[in-house]
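Contents: one structure, followed by commentary.
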Amino acid sequence: EEGTLFIVEIGFAPNQENFSSNQYASDFQKAVEIAQTYNGALIIIEGHSDPLAILKAEKKGESQAVINQMKQKAKNLSYRRGQAVRDSFLKYCAQKNLVVDESQFVAIGLGATMPKYNPPRTEAEWNANRRVVFRIKQMEAELSGFEPL
């Protein structure tokens, strides 16, 4: 999170993997405005999953192999979500004739590793853990001065 300038969050339903550019137009517009303000900033599109199923499996005493499979499935799902949002966002930009540098937008899947609520204690918290986050980061390509390692 170091170097984060702005965050735009998008919530969604359990197991959702499709993100219509019409449904998320207002969120995408916020991301466009921030990207244009910070031209050249790296925009990471993070997919997140809720950890509740994993936590329940751990509490139930499931084997580490099962837990690891669940974590990997959550990571894969969150990556697909991040990539689907990236694709839908770029489609939105094309429909609006907005020129963006596609290489500026990178999708990653974090699975259940960074929940907002761990464990979620209400349905609202459970829902808030399922999200895609546009994280706008300022990155320096080079140092401005020499400093030996």
Side-chain angles (χ1 to χ4, degrees), residues 1-60 62-141:
E1 296 189 15
E2 186 177 322
T4 297
L5 300 173
F6 286 97
I7 293 175
V8 176
E9 281 191 10
I10 298 173
F12 43 85
N15 299 308
Q16 182 176 339
E17 291 187 52
N18 297 313
F19 300 89
S20 157
S21 58
N22 293 334
Q23 182 180 2
Y24 294 98
S26 64
D27 296 307
F28 290 167
Q29 186 58 42
K30 286 181 210 169
V32 166
E33 290 167 8
I34 293 168
Q36 289 174 338
T37 301
Y38 293 93
N39 193 13
L42 177 64
I43 300 173
I44 301 168
I45 303 172
E46 303 170 346
H48 294 268
S49 299
D50 178 74
L52 191 56
I54 295 166
L55 295 171
K56 285 185 175 192
E58 288 173 341
K59 188 174 182 178
K60 197 168 92 175
E62 289 286 352
S63 70
Q64 193 58 50
V66 169
I67 302 291
N68 290 344
Q69 288 174 347
M70 292 175 75
K71 287 179 180 179
Q72 187 61 50
K73 283 189 84 165
K75 189 170 184 176
N76 293 347
L77 174 61
S78 67
Y79 173 74
R80 287 192 307 271
R81 285 175 174 158
Q83 191 63 47
V85 167
R86 180 186 184 274
D87 294 345
S88 187
F89 172 75
L90 293 174
K91 181 180 176 184
Y92 169 84
C93 291
Q95 289 170 342
K96 299 289 184 183
N97 294 319
L98 301 169
V99 178
V100 294
D101 178 359
E102 291 186 19
S103 69
Q104 188 178 357
F105 301 87
V106 178
I108 62 172
L110 294 173
T113 62
M114 294 178 61
K116 289 177 94 169
Y117 302 97
N118 193 18
R121 302 207 185 279
T122 66
E123 188 169 345
E125 290 179 358
W126 176 66
N127 287 327
N129 279 339
R130 286 186 318 278
R131 67 203 189 282
V132 169
V133 177
F134 282 76
R135 186 175 304 276
I136 292 80
K137 299 189 76 149
Q138 188 64 41
M139 309 282 294
E140 297 297 329

Side chain to side chain contact (heavy atoms under 4.5 Å, CB included) with Ser26: which residues, sequence neighbours excluded? none

Say you draw a straight line from OG of Ser63 to CD of Glu58; how long is it, rounded to the nearest 0.5 Å? 11.5 Å

Short side-chain to backbone donor-acceptor contact, Ser21 and Tyr92, under 3.5 Å: no

Could you pull out the closest heavy-atom pair between [X] and [Y], with the gap in Å?
{"X": "Ala13", "Y": "Arg130", "value": "C-NE, 3.5 Å"}
{"X": "Gln29", "Y": "Leu98", "value": "OE1-CD1, 4.4 Å"}
{"X": "Ser88", "Y": "Phe28", "value": "OG-CE1, 3.5 Å"}

Below 30° counts as parallel, above 60° as perpendicular, anything between as tilted: where do the rings of Phe19 and Tyr24 land? tilted

Evaluate the side-chain proximity of Lys71 to Ile67: yes if any heavy-atom separation is below 4.5 Å, no if none is. yes

Are any of the side-chain heavy atoms of Thr37 and Ile136 separated by less than 4.5 Å? no

Would you list the pairs meeting salt bridge (Lys or Arg N to Asp or Glu O under 4.0 Å) in which at least one residue belongs to residues 33-51, sequence neighbours left out? Glu46-Arg135

Selection residues 80-105 - residue pairs positive for salt bridge (Lys or Arg N to Asp or Glu O under 4.0 Å), sequence neighbours left out: Glu17-Arg80

Residues in ring pair (Phe, Tyr, Trp, His ring centres under 6.0 Å) with Phe134, at least two apart? Phe89

With sequence neighbours left out, the residues meeting ring pair (Phe, Tyr, Trp, His ring centres under 6.0 Å) with Tyr79 are none

Donor-acceptor contacts, no H, no angles, side chain residues 105-112, under 3.5 Å, sequence neighbours left out:
none

What I want to check is whether the side chains of Asn68 and Gln72 have a donor and an acceptor closer together than 3.5 Å. no

Are more than 12 heavy atoms from other residues, nucleotides or ligands located less than 6.0 Å from atom CD of Glu123? no

